[in-house]
Structure formats: structure tokens, C-alpha cells
Amino acid sequence: MARILLIGGHGKIALLLEPLLAAAAHHVTAVIRSEAQSGDVEAAGATPLVLDIESLDLDQLTNVVAGNDVVIWSAGAGGGDEARTYAVDRDAAIRSMDAAALAGVSRYLMVSYFGAGPDHGVDPADSFYAYAEAKSAADAHLRASSLDATILAPSALTLDEPTGRIDVAAEESTSVSRADVAAVVAAAVADPSTIGRTIRFNSGSTPIADAVRADG
């Protein structure tokens, strides 16, 4: 059993992930933005913690992280506002990594996206550009940190039913269900061979636990 801090606890992936973590006997504290979201989080098996992750400074965030064994970042500004996208998806994410390091919480999992990186290729005129830049910076900071980090990079997200199977070898992004993404995060928490890796994946034919294993 681990004590897990799930940042972005009311997101679509997070609400699918929380029951999986609870079923594995983990204690999940889900950071959410609004008290109105608490009921959904509790129903999913997690303990809600209402915080504005964007406004917390490093010391405050370190206090929040302390006492946990694992941090999972599944938060996002949701697009639309460039300044807030950078504030959440880059700056707050990076602060959470630094907070984890200061608090001695070494295990950190980042939910990113398939094409993230400095060569993301998104046109600066595209509304997705700020998000692509923010995720590129956050992922780079995580890779350069001392944390036992895993970056999970799913392709385009769907609301399809879960298949329990993914493809981690594809070079091009297609799609994957949010439910399967949640299952990948849960599998990565349980598998230390995912540490130090970026796992890009689509829906596929390999069982998730086998697909994420380093020798899978």
C-alpha cells in the first residue's frame, strides 16, 4: 500500500484511476479545485483535498506533498487561456516536482501526451501551442530531476470502453481510451521498471501490465 497524492483529482482520467488505486489498497488523496467536486472523488474511492494548485508557492506545496509515497500529476488548465496554461501545466507542475524532491517523495508520475517534447511541431499560431510548450518544459524538468520519475504519454484520448491493451512501440500517435490510460498509470505505480522511462502509447494488442514492463 502506498500513500498517493493525485494532483488533478477530478479530471476524466483521474476519476477512472482512483477506483483502480483504491482497489490496490492504496490511500489516494485527490487534489481538486472545488468543494463541489468532492462527492465525485469520494465516490471514486479517494480523499478530496481542495486546493488551488496554481497559487501555492513551493513551501506550501512541499507541505502538501510531505507524507506521501507517490505523486501523480494529472492536472491541466484545460486550454483556452495561454497564461493559465503556462501557470498550471508548466509552472505549477515544475513546482510540484521540486516540492516532491524537497519533501523526500521520490516517486513521481507525469501524465503527458504522445507528441510532447521540444520538437512537438505545433505552430505558434495554433491554440494548442502553449500547452505543447508547457508540457515540453515540464517533462524536461522532470527528466533532469533526481526523482524516480515516469512520464506516461498517451495519444489522442477517447471515451471508448477500456480494452486493457496498448501499443508502446508505435511511432505515430493514434488514439487510446481514457480508461486504458488510467489503467496504464495504475500499472506504472505498481511496476518499478517504469522508473526513468517515457512510455508513449496508443490502443493496441499487448496487455497493459506486459506493455509497461521494461522487458515487455
Side-chain angles (χ1 to χ4, degrees), residues 4-14 17 29-34 37 49-66 68 70-103 105-157 173 178 181-182 184-185 188 194-201:
I4 298 174
L5 184 72
L6 173 56
I7 302 173
H10 195 258
K12 291 183 177 69
I13 292 171
L17 170 61
T29 301
V31 176
I32 55 177
R33 293 185 62 208
S34 167
Q37 299 170 337
L49 177 60
V50 181
L51 292 172
D52 180 4
I53 202 76
E54 182 182 350
S55 67
L56 296 182
D57 64 23
L58 180 58
D59 288 342
Q60 292 169 324
L61 198 47
T62 301
N63 288 334
V64 172
V65 171
N68 288 283
V70 180
V71 175
I72 300 173
W73 181 276
S74 189
D81 183 315
E82 180 177 311
R84 186 162 183 272
T85 295
Y86 284 118
V88 174
D89 293 286
R90 181 189 62 192
D91 302 341
I94 287 172
R95 277 198 303 278
S96 76
M97 300 166 200
D98 294 345
L102 287 170
V105 181
S106 62
R107 189 72 174 106
Y108 191 108
L109 294 94
M110 165 64 72
V111 179
S112 187
Y113 76 97
F114 196 103
D119 56 349
H120 57 71
V122 179
D123 190 318
D126 192 312
S127 60
F128 191 72
Y129 180 79
Y131 180 78
E133 286 286 287
K135 294 302 279 187
S136 174
D139 289 359
H141 190 86
L142 185 54
R143 291 189 185 100
S145 76
S146 61
L147 297 172
D148 293 333
T150 302
I151 297 173
L152 301 169
S155 54
L157 303 174
S173 170
R178 287 175 172 86
V181 176
V184 170
V185 178
T194 62
I195 292 171
R197 295 167 56 207
T198 297
I199 301 173
R200 296 180 174 85
F201 60 96

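- Applying the ring pair (Phe, Tyr, Trp, His ring centres under 6.0 Å) test to Tyr86 and every residue at least two apart in sequence or in another chain returns nothing.
- Sorted by first then second residue, the salt bridge (charged side-chain N to carboxylate O under 4.0 Å, His left out) pairs that include residues 49-63, not counting sequence neighbours, are Glu54-Arg84.
- Each side chain to side chain donor-acceptor pair (under 3.5 Å) pair with one or both residues in residues 144-156, not counting sequence neighbours, appears once here: Ser106-Asp148, Arg107-Thr150, Thr150-Thr194, Ser155-Asn202.
- Partners of Asn68 by side-chain contact (heavy atoms from CB on, under 4.5 Å), not counting sequence neighbours, listed by chain and number: Arg3, Leu5.
- Leu157 places none of its side-chain heavy atoms less than 4.5 Å from the side chain of Tyr113.
- A side-chain donor from one of Ser96 and Tyr108 sits under 3.5 Å from a side-chain acceptor of the other.
- Scored by the side-chain contact (heavy atoms from CB on, under 4.5 Å) test, Thr62 finds Leu58, Ala99, Leu102, Ala103 as partners (sequence neighbours excluded).
- The two residues Ser173 and Ala156 make their nearest non-hydrogen contact at OG-N, 3.8 Å.
- For Asp98, the side chain to side chain donor-acceptor pair (under 3.5 Å) partners are His141, not counting sequence neighbours.
- Every side-chain contact (heavy atoms from CB on, under 4.5 Å) that Asp126 has, sequence neighbours left out, goes to Val122, Asp123, Phe128.
- A 4.5 Å side-chain heavy-atom check between Leu147 and Val71 finds every atom pair outside the cut-off.
- Here Arg143 pairs with Thr198 under the side chain to side chain donor-acceptor pair (under 3.5 Å) rule; sequence neighbours left out.
- Annotation: side chain to side chain donor-acceptor pair (under 3.5 Å) contacts of Thr29 (sequence neighbours excluded): none.
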